[in-house]
Amino acid sequence: MLKMILSMLAVVSFYSHAEFDFKVDVLADDLQRPWGISHIGSGKMLITERDGDVRLYDGKTMLPALQGLPSVYNVGQGGLLDVYAHPNYASNKYVYFTFGEGTATKNYTKLIRTKFTGSEFVDVKTLFMASPTKKQALHYAGRISFLADNSMVFGVGDGYLYKEQAQELNSHLGKIIRLYDDGSIPADNPFIGKKNTLPEIYSYGHRNPQGMFFDNKRKILFSNEHGPKGGDEINIIQAGKNYGWPAITYGVDYSGDIISDLTHKAGMEQPLLQWTPSIAPSSMLVYYGAMFPDLNGHILATALKFTQMRVVRLNDKNGQVSVVKQEVYLKDRGERIRDIELDDVGRIYLITDSGKLLRLTKP
């Protein structure tokens, strides 16, 4: 009995800082390589596992794997990736997934739409398959967000060895893609009707986007992405813009070789923030919620290599957003934090590579 009581007490940790006080509850610890989490109402969370399973946290319990999704290419950085409930999920029950599909010699990032019945996924529809295919199971990206008009955006990575294609508009690699929620292509996408371009492309020059969040109050799309060795970035994404990879970068190759000796170039965007050394950013959101009012309007970014959550404090002046300072939390837990989500009362949920679901609330 004493062992059980000590175990129960061990799952709650308290953090007190001048800026941000919270406690951490461990809600589950048996997830298998989780990657994405999406709130579907009343504290319920859908969570993807890289082997292709989806788990439902029903507000109290982590339930067994749900059925109905197609198989995935679970190799390297592939597998089942992001999950995102439609903004009108309460009425239409649409849930979107990205994942790696294919074979060792021909694989790609794929997007599907499903309906969730509460116990399984039905009406699976393929909305997008990235091309060209690639031979390595690296840099799939896959994070999803929705814009104000209910069009959706998501990242496709550069495929690592295919990095030069991030600058080519006839390839999906190294791009952010924009589609309507049914998979159709918006007529106002920036490259519609242009020769030798793919109409789904929204922005280009990306390496491996891992966070994607539309700030509905500011009407700004934020994204973060992995640099190579150094040069991780947070970007403000705008239609048709070139974010520079690999022509400009603040990082170097893992071997130490120079990828580009340029950090700036005409016609290429600068990041809102860059991290050197790399923190390995994994997800992000802009907090708006009642539980932690001091966080409202600021970025919460999670990190793998640096095993932390960062609060990136923002300032708005004359229509421009800038970074004021950064604060580091949860470093002491030593957890590679994979994704972050909020519920409808502003509680913060995190999933970790070790298989935990954490919840941050007021102490």
Side-chain angles (χ1 to χ4, degrees), residues 24 28 31-39 45-50 55 74 76-84 97-100 109 137-145 153-158 160 176 206-214 221-235 237 245 251 254 271-287 298-312 326-342 348-360:
V24 182
L31 294 164
Q32 303 300 310
R33 300 175 71 216
W35 205 90
I37 179 171
S38 184
H39 180 237
M45 300 285 164
L46 291 172
I47 301 171
T48 60
E49 297 178 325
R50 295 272 294 282
R55 307 285 295 278
N74 181 26
Q77 294 174 357
L80 184 57
L81 301 173
D82 209 14
V83 53
Y84 201 101
F97 295 93
T98 54
F99 54 93
T109 302
L138 297 172
H139 293 192
Y140 289 87
R143 291 280 181 219
I144 304 167
S145 190
V153 287
F154 56 97
V156 175
D158 70 347
Y160 187 60
I176 290 175
H206 301 285
R207 187 172 182 268
N208 191 20
Q210 293 291 295
M212 194 79 59
F213 187 85
F214 180 66
L221 176 62
F222 291 96
S223 177
N224 67 32
E225 62 183 83
H226 286 185
K229 188 177 181 181
D232 296 344
E233 299 178 351
I234 293 179
N235 288 297
I237 304 300
W245 176 257
Y254 297 112
L272 175 68
L273 175 66
Q274 68 93 10
W275 288 297
T276 300
S278 294
I279 69 169
S282 50
S283 62
M284 66 182 298
L285 55 80
V286 180
Y287 185 91
H298 302 296
I299 291 173
L300 306 186
T302 61
L304 301 170
K305 180 181 177 182
F306 272 33
T307 64
Q308 61 189 225
M309 181 184 77
R310 290 200 178 195
V311 176
V312 180
Q326 300 179 64
E327 302 156 13
V328 173
Y329 300 96
L330 301 175
K331 178 71 175 177
D332 59 307
R333 300 186 77 92
E335 295 278 6
R336 289 168 55 91
I337 304 175
R338 181 60 64 172
D339 200 7
I340 185 169
E341 180 63 299
L342 303 179
I348 300 167
Y349 295 76
L350 303 164
I351 52 173
T352 72
D353 277 5
S354 67
K356 296 183 179 68
L357 173 62
L358 309 178
R359 184 176 65 200
L360 279 54

key: Side chain proximity check, L342 to I348, heavy atoms < 4.5 angstrom   = yes
ask   = Are any of the side-chain heavy atoms of W275 and Q326 separated by less than 4.5 Å?
value = yes
query = Between N74 and R33, what is the shortest heavy-atom contact and its length?
reply = OD1-NH1, 3.2 Å
query = For D339 and G36, which heavy atoms make the closest approach, and how far apart are they?
reply = OD2-CA, 3.3 Å
Under the ring pair (Phe, Tyr, Trp, His ring centres under 6.0 Å) test, residues paired with F222 that sit two or more places apart = none
remark   = Heavy atoms of G230 and S278 approach each other most closely as N-OG, 2.7 Å
request  = Could you tell me whether a side-chain N or O of T109 sits under 3.5 Å from a main-chain N or O of V156, the two making a donor and an acceptor?
outcome  = no
query = Mind checking whether M284 and I340 have side chains closer than 4.5 Å, heavy atoms only?
reply = no
ask   = Looking only at heavy atoms, what is the nearest atom pair of A141 and G157, with distance?
value = CB-N, 3.3 Å
request  = Indicate the atoms forming the closest heavy-atom contact of D232 with A280, along with that distance.
outcome  = OD2-N, 2.8 Å
inquiry  = Using side chain to side chain donor-acceptor pair (under 3.5 Å), reason through S223 and E225 one step at a time and then give a plain yes or no.
reply    = CA-CA 7 Å; S223 177; E225 62 183 83; 5.3 Å; no
task = Output yes when a side-chain donor or acceptor of S145 lies under 3.5 Å from a complementary backbone atom of V153, and no otherwise.
result = no
task = Examine the side chains of T98 and D82 and answer whether a donor and an acceptor come within less than 3.5 Å of each other.
result = no
task = Without swapping roles, check the side chain of R143 against the backbone of Q210 for a donor-acceptor pair under 3.5 Å.
result = yes
message = Between L357 and R55, is there a side-chain heavy-atom distance shorter than 4.5 Å?
response = no
ask   = Side chain of E341, backbone of H39: donor and acceptor closer than 3.5 Å?
value = yes
task = For residues I337 and M309, report the shortest heavy-atom separation together with the two atoms involved.
result = CD1-N, 4.0 Å
inquiry  = Can you confirm whether N235 sits close enough to L272 that some side-chain heavy atom of one is under 4.5 Å from a side-chain heavy atom of the other?
reply    = no
inquiry  = For F214, give me all partners under ring pair (Phe, Tyr, Trp, His ring centres under 6.0 Å), at least two apart in sequence or on another chain.
reply    = none
inquiry  = In the structure I gave you, are the side-chain heavy atoms of R333 and T352 within less than 4.5 Å of one another anywhere?
reply    = no
key: Side chain N208, main chain H226, donor-acceptor under 3.5 Å   = no
Expected output: side-chain Q32 to main-chain E49 donor-acceptor under 3.5 Å = no
ask   = Within the distance-only criterion (no hydrogens, no angle test), does the side chain of T48 pair as donor or acceptor with the backbone N or O of L81 below 3.5 angstrom?
value = yes
note = Of H206, H139, R207, the one forming a side-chain hydrogen bond (donor to acceptor under 3.5 Å, both in side chains) with D158 is H139
message = Is the shortest side-chain heavy-atom distance between K331 and F306 below 4.5 Å?
response = yes
message = Could you tell me if the side chain of R50 sits less than 4.5 Å from the side chain of L80, heavy atoms only?
response = no
request  = Measure from the side-chain N and O atoms of T276 to the backbone N and O of G231, and report whether any donor-acceptor pair falls under 3.5 Å.
outcome  = yes
